[in-house]
Amino acid sequence: MVAPQGQAIAFAPGVTLRQIQPGGKRGPNDEVLADVMGGQVWTDMFLLGGEDDGIPLCVPDIRLPANQYWPLHWHDCWIAVVILDGDCRIGDWHMTVGDVLISEDALEYGPLVIGPQGCQMFEIFARLHPDEGGYATEYRDHPTLDGTTRSFAERSARNAGNAGRQVVPVDGTPGLSKGRLAPGAQWDLGPATDPARAIMASTFLSPGETIAAHRYDDWHGVFVLDGSLTVEGQAIGRNDVLTIQPGSGLGRIEAGAQGAQLLEVSRIAAGMARHFR
């Protein structure tokens, strides 16, 4: 089953199928190579949540051009950055494919310096707020931000020490943490005791490994980063994305001949646990 480019199709009751668009760090049609001052960005979005479920979780798929520079900034919710193709320096950390950065809400971090061949990343927002954060007023005339709709504001007391700085180090900054897409790794996108926190998990399946039919109590997303699966006999491959509504689930899963690497995301903690039928 193949979803048309950029569209979702019904995969099973309460489950939709989309695809991460091709092209990696270059964009589906080499968009990021466009002759644009400051560099062209291409973005797609995957949402976990509906009108009746509160604020959705958002997974933007972002393709960024070589050597682009984004100054220090913050977001109004917890975020995760996952490098999928190419590389990127965030703060003082040179991130490569499989690296994960977690930032608490309203915490200033950066800058982002995109690698010499460009970068594809997920920048996962635990809560998609209408106002997604902003930049300090000292960056209001920064060339990369020229012509954008970015918000500018004075730094909070928490971020005040960054005034006049160009780099926030990742190590040693409370609220920033490093990770890696390793088998079994899991991250809270919110305080660990908050049942409304989002959760992200890295799942690796060996060739032929199976998962029995199951359901989820809240929104759940499965991103196939590598390998392949069959779900009740339907083939799912690299770059496929399944979005599962609350109370819905998946039939029996079997990993393909090369196994499978999955990135799983839940809107709240209740959406991560598998309830087997």
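With rounding to the nearest 0.5 Å, the separation of CD1 in Ile62 from SG in Cys119 is 9.5 Å. In this structure, the separation between CZ on Arg267 and SG on Cys58 is 13.5 Å, given to the nearest 0.5 Å. From Asp61, atom CG reaches atom CH2 of Trp42 across 5.0 Å, with rounding to the nearest 0.5 Å. Summarising the geometry, atom CG belonging to Asp105 is positioned 6.5 Å from atom CZ belonging to Arg158; distances are rounded to the nearest 0.5 Å. Within the model, atoms CZ of Phe152 and OG1 of Thr137 stand 9.0 Å from one another, a figure rounded to the nearest 0.5 Å.
Exactly one residue among Met121, Met95, His94, Lys25 makes a side chain to side chain contact (heavy atoms under 4.5 Å, CB included) with Asp87. That residue is His94.
Not one N or O on the side chain of Asp92 forms a donor-acceptor pair closer than 3.5 Å with the backbone of Pro169. A donor-acceptor pair under 3.5 Å is formed between the side chain of Arg63 and the backbone N or O of Gly24. Between the side chain of Gln68 and the backbone N or O of Gly38 there is at least one donor-acceptor pair closer than 3.5 Å. With hydrogens and angles ignored, the 3.5 Å screen pairs no side-chain donor or acceptor of Gln21 with any backbone N or O of Pro28. With hydrogens and angles ignored, the 3.5 Å screen pairs no side-chain donor or acceptor of His75 with any backbone N or O of Gly133. Gln234 contributes no side-chain N or O that, together with a main-chain N or O of Glu232, makes up a donor-acceptor pair within less than 3.5 Å. Side-chain N or O atoms of Arg197 include one that pairs as donor or acceptor with a backbone N or O of Asp194 at under 3.5 Å. Although no hydrogens or angles enter the test, the distance criterion places no donor-acceptor pair under 3.5 Å between the side chain of Arg215 and the main chain of Ser248. No side-chain donor-acceptor contact under 3.5 Å links Asp226 to the backbone of Gly259. Between the side chain of Ser202 and the main chain of Ala182, a donor-acceptor pair closer than 3.5 Å is present.
Under the 4.5 Å side-chain heavy-atom criterion for grouping Ile, Leu, Val, Met, Phe, Trp and Tyr, Val41 is not connected to Met37 through any hydrophobic cluster. Linking ILVMFWY side-chain heavy atoms closer than 4.5 Å, directly or via other members, places Ile253 and Val241 in two distinct hydrophobic clusters. The hydrophobic clustering, which links ILVMFWY residues whose side-chain heavy atoms are closer than 4.5 Å, places Leu262 and Ile211 together. Val265 and Phe46 fall within the same hydrophobic cluster, defined by Ile, Leu, Val, Met, Phe, Trp and Tyr side-chain heavy atoms under 4.5 Å apart, directly or through other members. Residues Leu250 and Val224 share a hydrophobic cluster, clusters being chains of Ile/Leu/Val/Met/Phe/Trp/Tyr side chains in contact below 4.5 Å.
With salt bridges taken as basic N to acidic carboxylate O contacts below 4.0 Å, one links Arg18 and Asp44. Under the 4.0 Å criterion applied to side-chain N and carboxylate O atoms, Glu264 and Arg274 are assigned as salt-bridge partners.
Two residues are said to be in side-chain contact when any heavy atoms from C-beta on lie closer than 4.5 Å; Leu263 and Phe122 meet this criterion. The closest side-chain heavy-atom distance from Val82 to Met200 is below 4.5 Å. When side chains are defined from C-beta on, Leu64 does not count as touching Val32, because their heavy atoms never get closer than 4.5 Å. Counting heavy atoms from C-beta outward, Pro116 and Asn67 have side chains that approach closer than 4.5 Å. Looking at Asp217 and Pro246, their side chains never come closer than 4.5 Å, going by heavy atoms from C-beta outward. Between Leu145 and Trp70 there is a side-chain heavy-atom pair separated by less than 4.5 Å. Looking at heavy atoms from C-beta onward, Leu176 lies out of side-chain contact with Ile102 at the 4.5 angstrom threshold. Inter-residue side-chain proximity for Leu112 and Val81 is flagged as unmet; no heavy-atom pair is nearer than 4.5 Å.
When the shell of 6.0 Å around CD of Gln258 is examined, it contains 12 or fewer heavy atoms from other residues, nucleotides or ligands. More than 12 heavy atoms of other residues, nucleotides or ligands lie within 6.0 Å of CD in Gln186, so this atom counts as buried by the packing criterion.
Outside the 6.0 Å centre-distance limit, the rings of Tyr135 and His142 are not counted as a close aromatic pair. Aromatic pair Tyr109/His73: ring centres closer than 6.0 Å.
In this structure, a donor-acceptor pair under 3.5 Å is present between the side chains of Glu108 and Asn162.
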